[in-house]
Amino acid sequence: MFYHVKELQFNARGSKPDPRFARMLLEQFGGGNGELKAAMQYFVQAFACKQAYPDKYDMLMDIASEEFSHLEIVGATITMLLAGVNGEMKDAAESSWIGEIMKGSGAREDLINQALYNPQFCVLTAGGPTVTDSNGAPWSGAFVNANGDLTVDLRSNIAAESRAKIVYEYLLKFTDDPCVQETLKFLMTREITHFQQFEAALDTITPNFPPGVRQEDPRYGNKYFNMSQGEDATGPWNEGKSTRTQEEWNRIDDPLEYVTQTNGLIDVQVDEGIDAQALEDKTEDLSKERSEEVKSAVPESNIQWSDYCQQKSRSSHRSNKKKVMA
């Protein structure tokens, strides 16, 4: 159940109209890395962990709700940057905005150029935001990543917050309006906060590598295929030990010869020092553990999403507490 509070989470403001930047800001309204994508992604992910991981369900729903708040902030800012186009489009004769056309050809051309940055603002929405990116491409559910495995979903969310953060960072370069800059800085900072929250949640799931439950096939996990010609770069990604499994990297400098000699990798042998049976056992144990976590949390019959009696009790407790404080 959602309850809308009419005041924005952050006091978004604008110093002056700026149709050009309004179009750019659409990227965070209906774009692939925007607030609507984040809100829907965390909202959808939450359902799969409601019963097995209620603490993560609570976190995902809280952050999803905040992302809807951020969507409202972005939409409000876009509308303010369009300077009341809606009313003026309905009464062009008395419009100060369209009245600028009468001040000379220079003002008229500038106004037309600004409008053309996104003609949908004038032609379709009359000054409101559209559920599109900055080029007018519609928002799509394909932007949402939800795989039903917390270790996978949380990593997707960390990446999503990273991308959203850098978009706000780029947007800051294209506006000199101090009020809009303050709004962008707030939204950018919340991306950093959510990144840390998802990272902390991932750390509470142990083990959480690799994503999912199945371990690696020990024949292939520590191979580095040198797939390019020229001077080779080296680093912890192809020499020494791997970061998580701590296996020694096996560098394959001639991939074609290696693939040919191993019958298309079918005949690859497990490197010495890697315990193949231990990896198989780990897969089996972890799959049973995760499966039991979910199964034990889901009742076999009389399934109910909400416990209204318990909710009523908590609500009554809060009410009594307020009376005592008063």
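The structure presented is a predicted model; accordingly, all values stated were derived computationally and were not measured.
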Test log, rule salt bridge (charged side-chain N to carboxylate O under 4.0 Å, His left out), inputs Asp217 and Arg219: CA-CA 5 Å; Asp217 187 319; Arg219 295 174 294 172; 2.9 Å; yes
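- Rounding to the nearest 0.5 angstrom, the gap separating the CG atom in Asp133 from the OG atom in Ser140 is 11.0 Å.
- Looking only at side-chain heavy atoms (C-beta outward), Thr132 and Phe29 stay at 4.5 Å or farther from each other.
- The side chain to side chain donor-acceptor pair (under 3.5 Å) test applied to Asn157 returns Gln41, Gln45, not counting sequence neighbours.
- Residues Trp237 and Phe209 are members of separate hydrophobic clusters, defined by side-chain heavy-atom contacts under 4.5 angstrom among Ile, Leu, Val, Met, Phe, Trp and Tyr.
- Hydrophobic cluster membership for Leu286: Val213 (Ile, Leu, Val, Met, Phe, Trp, Tyr linked by side-chain heavy atoms under 4.5 Å, directly or transitively).
- Residues Phe47 and Phe43 bring their aromatic ring centres within 6.0 Å.
- Counting heavy atoms of neighbouring residues, nucleotides and ligands inside a 6.0 Å radius, atom CZ of Arg251 exceeds 12 of them.
- Across all non-hydrogen atoms, the minimal contact from Leu171 to Gln28 is CD1-CG, 3.8 Å.
- When the side-chain contact (heavy atoms from CB on, under 4.5 Å) test is applied to Asp177, the partners found at least two apart in sequence or on another chain are Ser15, Lys16, Thr175, Cys179, Val180.
- For the residue pair Asn226 and Asp232, a side-chain donor N or O sits within less than 3.5 Å of a side-chain acceptor on the partner.
- The shortest heavy-atom contact between Glu247 and Gly221 is OE1-C, 4.2 Å.
- Qualifying side-chain contact (heavy atoms from CB on, under 4.5 Å) partners for Met59, counting only residues two or more places apart in sequence or in other chains: Ile63, Leu154, Phe198, Ala201.
- Atom NZ of Lys50 has more than 12 neighbouring heavy atoms from other residues, nucleotides or ligands inside a 6.0 Å radius.
- Considering only heavy atoms from C-beta on, Lys37 stays 4.5 Å or farther from Glu67 through its side chain.
- For Thr151, the side chain to side chain donor-acceptor pair (under 3.5 Å) criterion is met by Asp149, not counting sequence neighbours.
- Closest approach of Ile274 to Pro218, counting heavy atoms only: CG2-CB, 3.7 Å.
- Scored by the side chain to side chain donor-acceptor pair (under 3.5 Å) test, Gln9 finds Glu66, His70 as partners (sequence neighbours excluded).
- When the side chains of ILVMFWY residues are joined at heavy-atom separations under 4.5 Å, either directly or via intervening members, Ile73 and Trp139 end up in a single hydrophobic cluster.
- Residues Tyr258 and Leu256 form no side-chain contact, since every pair of their non-hydrogen atoms from C-beta on lies 4.5 Å or further apart.
- Cluster partners of Ile266, using a side-chain heavy-atom cutoff of under 4.5 Å among ILVMFWY residues and allowing indirect links: none.
- Minimum heavy-atom separation, Met40 to Val144: CB-CG2, 3.9 Å.
- Taking the charged nitrogens against the carboxylate oxygens, Lys288 and Glu292 have no contact shorter than 4.0 Å, which rules out a salt bridge.
- Within the 4.5 Å cutoff, side-chain heavy atoms of Arg13 are placed close to those of Glu182.
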For the pair Tyr53 and Glu293, evaluate side-chain contact (heavy atoms from CB on, under 4.5 Å) and give the outcome as yes or no after the intermediate values. CA-CA 9 Å; Tyr53 312 103; Glu293 285 177 355; 2.6 Å; yes
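- Cluster partners of Met1, using a side-chain heavy-atom cutoff of under 4.5 Å among ILVMFWY residues and allowing indirect links: none.
- Applying the under-4.5 Å side-chain rule to Ile, Leu, Val, Met, Phe, Trp and Tyr, the cluster around Tyr3 extends to Val5.
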Evaluate Leu8 against Ser69 for side-chain contact (heavy atoms from CB on, under 4.5 Å), listing each step before the verdict. CA-CA 7 Å; Leu8 296 177; Ser69 298; over 6 Å; no
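- Between Pro255 and Met227 there is a side-chain heavy-atom pair separated by less than 4.5 Å.
- Residues satisfying the side chain to side chain donor-acceptor pair (under 3.5 Å) test with Asn222, not counting sequence neighbours, are Asp271.
- Proximity of a side-chain donor or acceptor of Ser242 to a complementary backbone N or O of Arg244 within less than 3.5 Å is not detected.
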Could you walk me through whether Arg190 and Glu35 pass the side-chain contact (heavy atoms from CB on, under 4.5 Å) test, one step at a time? CA-CA 11 Å; Arg190 294 307 297 169; Glu35 302 293 353; over 6 Å; no
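- Using a 3.5 Å distance cut-off with no hydrogens or angles, the side chains of Glu27 and Ser134 do pair a donor with an acceptor.
- The OG1 atom of Thr193 sits 6.0 Å away from atom CD of Gln196, with the distance rounded to the nearest 0.5 Å.
- A pairwise comparison of heavy atoms in Pro211 and Val152 identifies CB-CG2, 3.7 Å as the closest pair.
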List the steps and the verdict of side chain to side chain donor-acceptor pair (under 3.5 Å) for Tyr57 and Gln51. CA-CA 8 Å; Tyr57 172 85; Gln51 292 169 313; over 6 Å; no
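- Contact annotation: the side chain of Tyr220 approaches that of Leu265 to within less than 4.5 Å [non-hydrogen atoms, C-beta and beyond].
- Residue pairs meeting the side chain to side chain donor-acceptor pair (under 3.5 Å) criterion with at least one member in residues 201-212, sequence neighbours excluded, are Lys56-Thr204, Arg155-Asn208.
- Following chains of ILVMFWY side-chain contacts shorter than 4.5 Å, one can reach Val270 starting from Leu279, so the two form part of one hydrophobic cluster.
- Residue Gly212 comes nearest to Arg290 through the heavy atom pair O-NH1, 4.0 Å, listed as atom of the first residue, atom of the second, then distance.
- A heavy-atom distance below 4.5 Å is not found between the side chains of Asn145 and Asp153.
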Under the side-chain contact (heavy atoms from CB on, under 4.5 Å) rule, what do Leu184 and Met188 come out as? Steps first, then yes or no, please. CA-CA 6 Å; Leu184 297 181; Met188 183 194 73; over 6 Å; no
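- Applying the side chain to side chain donor-acceptor pair (under 3.5 Å) test to pairs two or more places apart or on separate chains, those with a residue in residues 260-269 are Glu257-Gln261.
- The shortest side-chain heavy-atom distance between Lys165 and Phe195 does not fall under the 4.5 Å cut-off.
- With Trp249 as the aromatic partner, Lys241 does not meet the cation-pi criteria of under 6.0 angstrom to the ring centre and within 45 degrees of the ring axis.
- At least one donor-acceptor pair closer than 3.5 Å links the side chain of Asn238 to the backbone N or O of Gly235.
- Residue Glu280 qualifies as open at atom CD: its count of foreign heavy atoms under 6.0 Å is 12 or below.
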